[in-house]
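Proteins come first, then strands; the chains are lettered A, B, ... in the order of their sequence lines, and each starts at number 1. All figures in this text were calculated on a predicted structure; none of them were measured in a lab.
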Protein chains: 2
Amino acid sequence: MPRHRQEATLDSLVTRVPTHGQTKGEHILETLQSFAQATPAGTLLPSERALADHFHVSRMTVRGAVDELESKGFARRVPGRGTFVNHPQLTHSETFRSFSDDMRLRGLEPGSVGYRASTRRATRSIAASLGVEVGAETLHIERVRTADGEPMALERTNVSLERFPGLRSQMSPDQSLYDIIQRIYNIRLESARQRVSIVRLSAPDAVKLAVAEGEPAFLVERTALDNMGRVVEFGRSLYRGDRYAIEMHVGTPGARPLS
Amino acid sequence: MPRHRQEATLDSLVTRVPTHGQTKGEHILETLQSFAQATPAGTLLPSERALADHFHVSRMTVRGAVDELESKGFARRVPGRGTFVNHPQLTHSETFRSFSDDMRLRGLEPGSVGYRASTRRATRSIAASLGVEVGAETLHIERVRTADGEPMALERTNVSLERFPGLRSQMSPDQSLYDIIQRIYNIRLESARQRVSIVRLSAPDAVKLAVAEGEPAFLVERTALDNMGRVVEFGRSLYRGDRYAIEMHVGTPGARPLS
DNA sequence: CGCCTCTTCTGGTCTAGTCCAGTATCTCGA
DNA sequence: TCGAGATACTGGACTAGACCAGAAGAGGCG
């Protein structure tokens, strides 16, 4: 039966080779997500039954993948009509992004200046936040994160060197810490506790961010956890109040499909 | 087989009468959630198989309910061990709360002073945000929200009077707008787009919030949607930067069970 | 006493169906 | 021409099983 709206064909779904150790559901999710990202919003995805045939899995497995796709904001289900491609425009609160990904999502080019890394013994407060013992070796990284070349945030972060030996030499000034931890140690950072407050910038911090002393900024205190719930990183970042805004979608993701 | 840790018994799960029109999964979710709220964190829930027997449903149905329970932060699954009761401590980003609920969760008593409601014709920008026509009747509400009697936020909000006729007379200065809309019109506000930025307070706003002119504050611009994705409310609130902090958990909720 | 293996438990993933309520389109008759 | 059904579709909810890996008690053996 002819469908009037733009519809994705099954052929256009490049069935990639499953990555090692992946479940079928994860494989389908990744395939659908990369498809959705390369497709205009509002496109009708193949039906769940068709996808099940295409991937040679049961419909429940497809539903699991589409559930996640929807919760990430890349799809929107409409009962009786189908599932539509959606492009999440806001930082959907369910997904936790690195600075680099955050900037790219805003259409800005992430960068970094003034990178300084040092090995430090954990103080009591750092040890408590990081879940290590007082005096344990930690890597402290400070850098100014830029967006399109202009200072956006001053990032200070702490990672346990006992959990990530050799991280200091693997780390590169311009890259996302999360990407490196994921690539080298195969640990996915997938959730974080964050506390956002307002502070006025001290003179040295203001200089680094290229604004006047006393200007207000967001102080983001973040504890990032891996999929086992273990603390991976504890950091405090200062985001320029005149350039940065937190955009979020709380609750069910909900951009409606075109008409 | 004896279990050493504190474990919930099936008898303690009060199998309430299913509310009209509810699915089995929703019923199980509600039962488990109210149970979790009345139980110390770390308690071991009955296994999925036992719950399936207890509720006379298949395990997949139980899993669906526990999935949601976990995503709301009330449970934490541990493979091989079981599912543990969890009490979400931070504003979990998946749930969207009213000012009143937000304050109560922080252990503060919500209140309100300086309530002013007026009927206004929608300007172009309000009309666009609210999804009504220019000139349509809207209710504009301004009030200072207090926490333990002290000013916390200056709330300005707009609601369509065409969708909620008679809202003005139903509204009471001290109550949550969301509660009233839910009670009177049976519409659940379940998601919102929010944009949080930093502004310096103007002289009149500073007076209302009892702080000095020019002090920084959070500007929260919020568009609240109902379960159909229709705009219900559009508002701008100013939260005192010296009293308020945004606490959130992004990604998978993850307080680990006790040991 | 301590270690190691066996067994039983847990949640994680998946299958191959079922029935239902909406949506959209096609077709036929007034 | 236009509206009313019939029909073929969609996702939503659910069933009753399956197999797996990891966790943890239970016993036995050195």
Side-chain angles (χ1 to χ4, degrees), chain A residues 1-8 10 18 21-30 32 43-71 75-86 227-229 252 256-259, chain B residues 1-8 10 18 21-30 32 43-71 75-86 227-228 252 254 256-259:
Chain A
M1 295 303 102
R3 276 260 168 190
H4 288 161
R5 210 184 312 287
Q6 209 175 78
E7 179 174 2
L10 286 168
Q22 229 178 10
T23 64
K24 295 186 189 182
E26 280 169 15
H27 171 236
I28 296 171
L29 173 62
E30 287 192 13
L32 291 180
T43 308
L44 187 60
L45 283 175
S47 77
E48 296 178 355
R49 281 166 247 258
L51 289 170
D53 279 359
H54 179 77
F55 287 105
H56 307 294
V57 296
S58 80
R59 193 180 149 213
M60 284 297 276
T61 306
V62 170
R63 280 186 67 76
V66 178
D67 278 347
E68 265 203 66
L69 197 71
E70 191 183 22
S71 87
R76 170 142 185 99
R77 281 196 174 108
V78 182
R81 297 226 281 143
T83 303
F84 298 86
V85 168
N86 194 48
N227 51 353
M228 300 295 289
T252 335
R256 51 239 147 272
L258 311 175
S259 172
Chain B
M1 297 302 103
R3 278 260 167 191
H4 288 160
R5 208 184 313 287
Q6 207 176 79
E7 180 175 2
L10 285 168
Q22 231 179 6
T23 64
K24 294 185 190 183
E26 280 169 14
H27 171 236
I28 296 170
L29 172 62
E30 287 192 12
L32 292 179
T43 309
L44 187 60
L45 283 175
S47 77
E48 297 177 354
R49 280 166 248 259
L51 289 170
D53 279 358
H54 179 78
F55 288 105
H56 307 293
V57 296
S58 80
R59 190 178 152 217
M60 286 299 274
T61 305
V62 169
R63 279 187 67 75
V66 178
D67 278 347
E68 264 202 68
L69 197 70
E70 191 183 23
S71 86
R76 170 138 185 103
R77 282 196 174 104
V78 183
R81 296 227 281 144
T83 303
F84 299 85
V85 168
N86 193 48
N227 52 353
M228 299 296 287
T252 336
R256 53 241 147 272
L258 311 175
S259 173

Quiz prompt | Close side-chain approach of T83(B) to L44(B), heavy-atom, < 4.5 Å | solution = no
Quiz prompt | Gap between atoms CD and C1', on E70(B) and dT10(C) respectively (whole Å) | solution = 14 Å
Quiz item: Taking only side-chain nitrogens and oxygens of R77(B), does any of them come within less than 4.0 Å of OP1 or OP2 of dG12(C)?
Solution: yes
Self-check item: Selection residues 44-60 of chain A - residue pairs positive for salt bridge (charged side-chain N to carboxylate O under 4.0 Å, His left out), sequence neighbours left out
Solution: E48(A)-R59(A), E48(A)-R63(A), E48(A)-R77(A)
What protein N or O atoms touch nucleotides 14-16 of chain C N or O atoms at under 3.5 angstrom, if any, and at what distances?
| from | atom 1 | to | atom 2 | distance (Å) |
| --- | --- | --- | --- | --- |
| dC14(C) | OP1 | K24(A) | N | 2.5 |
| dC14(C) | OP1 | G25(A) | N | 3.4 |
| dC14(C) | OP2 | G25(A) | N | 3.3 |
| dT15(C) | OP1 | K24(A) | NZ | 3.0 |
| dT15(C) | OP2 | S58(A) | N | 2.7 |
| dT15(C) | OP2 | S58(A) | OG | 3.3 |
| dT15(C) | OP2 | T61(A) | OG1 | 2.6 |

Self-check item: Nucleotide dT10(C), atom C1' - distance to CG of L45(B) in whole Å
Solution: 13 Å
Quiz item: Which heavy atom of A65(A) sits nearest a heavy atom of G25(A), and at what distance?
Solution: CB-O, 3.8 Å
Exercise. Rounded to the nearest angstrom, tell me the gap between atom CD in E48(A) and atom P in dT23(C).
Key: 16 Å
Quiz item: Atom CG of L51(B) and atom CG of L32(B): how far apart are they, to the nearest 0.5 Å?
Solution: 5.5 Å
Self-check item: Distance test, side-chain N/O of T83(B) to OP1/OP2 of dG11(C), below 4.0 Å
Solution: yes
Quiz item: Separation of L29(B) atom CG from dG12(D) atom C1', in whole Å?
Solution: 16 Å
Self-check item: Separation of atom CG in L44(B) from atom C1' in dT10(C), rounded to whole Å
Solution: 9 Å
Quiz item: At what distance, to the nearest 0.5 angstrom, does CG of L29(A) lie from OG1 of T61(A)?
Solution: 13.0 Å
Self-check item: Rounded distance in Å - CG (D53(B)) to P (dG17(D))
Solution: 11 Å
Self-check item: Nearest-angstrom distance from the residue atom CZ of R81(A) to C1' of dG11(D)
Solution: 12 Å
Quiz item: Would you say the side chain of R49(B) and the base of dG11(C) hold a donor-acceptor pair, judged only by whether the two atoms sit under 3.5 Å apart?
Solution: yes
Self-check item: Rounded distance (nearest 0.5 Å) linking atom NE2 of H54(A) with atom CD1 of I28(A)
Solution: 9.0 Å
